[in-house]
Protein chains: 2
Amino acid sequence: MSDHVEKLLLQWSDVRPDLDCSPMGIIGRIGRMEKFLSPSVEAVINSHGMSRIEFDLMATLRRANGPLTPTELYKTTMLSSGAVSSKLDKLVDRAWVERLVNEEDRRSCRVILTEKGIGVIDPAVEDHVYNQKKLLESLTSEEQQTLGNLLAKWLGEHENQL
Amino acid sequence: MSDHVEKLLLQWSDVRPDLDCSPMGIIGRIGRMEKFLSPSVEAVINSHGMSRIEFDLMATLRRANGPLTPTELYKTTMLSSGAVSSKLDKLVDRAWVERLVNEEDRRSCRVILTEKGIGVIDPAVEDHVYNQKKLLESLTSEEQQTLGNLLAKWLGEHENQL
DNA sequence: TATTGTTATACTCTATAACTATA
DNA sequence: TATAGTTATAGAGTATAACAATA
């Protein structure tokens with residue numbers, strides 16, 4: 001069973017035999033796997049009445065198990081500060097999160113999930129994880145382990161370059 | 001050296017010990033690796049005076065080594081037909097590609113790279129591949145091989161579900 | 001009637017920076 | 001003067017479907 005990128009590499013070796021295109025084999029496939037995964041992940045999340053970004057914010061708050069500032073939120077989610085602000089507005093509208101005044105530094109605030117918000121994000125995360133599990137079933141659990149470790153190794157070195 | 005997703009999994013196991021979040025370890029990392037790779041890939045491509053989408057279209061034409069219809073282009077690049085149409089307009093403006101009339105089916109056309117276009121895409125691809133190679137250097141060539149094979153296996157089964 | 005490609009629309013996301021209120 | 005967060009703006013991409021020309 002060959003994939004799209006394999007055909008692409010064959011074409012390149014015909015047209016530009018002087019070029020070693022093997023790095024495309026990995027980076028091209030990472031991008032392609034992302035493109036295949038996204039619609040499924042998005043669909044599950046949307047079925048819980050939220051966008052993927054809103055899910056990321058709520059899930060970040062949930063697993064932090066306590067208040068976070070908008071700055072902490074945009075740094076861990078890799079979003080811009082502006083994006084976090086406007087998304088928080090919409091989550092506050094739905095009473096899924098609250099902004100608490102920070103008495104120690106009144107420029108800042110602390111964002112928390114409401115009880116209602118926890119009631120929304122918990123089943124969403126459960127569905128999300130179940131969906132992810134199904135999506136990976138075409139690899140054995142050993143292959144999944146290996147894949148996860150290789151990605152973790154790469155990320156460990158690149159994230160720490162920041 | 002631990003990565004961001006590992007910390008995230010630890011947090012989940014604290015807050016929701018009932019949930020097996022290990023699938024996040026792979027899908028989360030795929031998305032995160034993509035987010036780290038993109039800016040670098042984009043920067044190299046932009047330095048050749050084109051957007052990533054324009055690069056994808058030009059590279060697709062280059063390795064096809066002959067004319068393609070807009071339909072073939074949007075299917076292989078996973079873009080919408082509308083996106084391809086408007087991007088082709090801009091590439092035609094720069095005289096990097098041409099639309100040839102298809103005498104056999106006058107609804108359709110055949111898109112080709114001009115000599116000028118080939119002169120632009122070839123060095124861009126060379127730079128792109130070199131950049132990708134550098135980006136992967138934190139993995140050994142054996143690890144790269146394993147990673148590519150695992151991704152290819154997953155994609156081979158999912159792409160063929162279409 | 002179906003298909004190819006183009007065009008138009010509205011929507012989302014992004015990046016940037018101006019702005020406010022505090023420190 | 002610097003920082004935290006909000007707000008406003010413009011640009012790029014996407015999805016959708018209406019549309020014209022042709023089959």
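Residue numbering restarts at 1 for every chain, and letters A, B, ... go by the order of the sequence lines.
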Among B:Arg29, B:Arg32, B:Lys35, B:Lys7, the one residue meeting salt bridge (charged side-chain N to carboxylate O under 4.0 Å, His left out) with A:Glu159: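 Answer after filtering B:Arg29, B:Arg32, B:Lys35, B:Lys7: B:Arg32.
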
[X] side-chain proximity, nearest of [options]:
X        : options               : value
B:Arg107 : C:dA2, D:dT6, C:dT22  : C:dA2
A:Arg99  : D:dT6, C:dT6, D:dG13  : D:dT6
A:Ser80  : D:dT6, C:dT16, D:dT14 : C:dT16

Presence of salt bridge, B:Asp105 and B:Arg110, under 4.0 angstrom: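 Here B:Arg110 does not pair with B:Asp105 in a salt bridge, since their nearest N and O are not under 4.0 Å apart.
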
Check this one for me: any side-chain N or O of A:Lys87 less than 4.0 Å away from OP1 or OP2 of C:dC13?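 Answer is yes, contact under 4.0 Å.
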
Whether B:Ser108 contacts C:dT4 is assessed here as follows: a side-chain N or O lying under 4.0 Å from the phosphate OP1 or OP2. Is that the case?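 Answer no for this pair, as no side-chain N or O of B:Ser108 is under 4.0 Å from OP1 or OP2.
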
Check the distance between D:dT22's P and B:Asp105's CG and give it to me in whole angstrom.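 About 10 Å, once rounded to whole Å.
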
Distance in angstrom units between B:Leu88 CG and C:dT7 C1', rounded: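 The distance from CG of B:Leu88 to C1' of C:dT7 comes to 14 Å, rounded to the nearest Å.
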
Positions of residues 44-61 of chain A (non-hydrogen atom under 4.0 Å from DNA chain C), listed by number: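 The stretch gives A:Ile53 as the residues lying under 4.0 Å from the strand, ordered by number.
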
Do A:Leu155 and B:Phe36 have side chains that get closer than 4.5 Å, going by heavy atoms?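 The answer is yes; the side chains approach within 4.5 Å.
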
Checking A:Thr77 side chain against A:Leu57 main chain: does a donor-acceptor pair fall under 3.5 Å?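 No: the side chain of A:Thr77 does not pair with the backbone of A:Leu57.
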
Please tell me which of A:Lys90 and B:Ser86 maps to the more 5' nucleotide of DNA chain C, matching each residue to the nucleotide holding its nearest heavy atom.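 Whichever sits nearer the 5' end wins; that is B:Ser86.
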
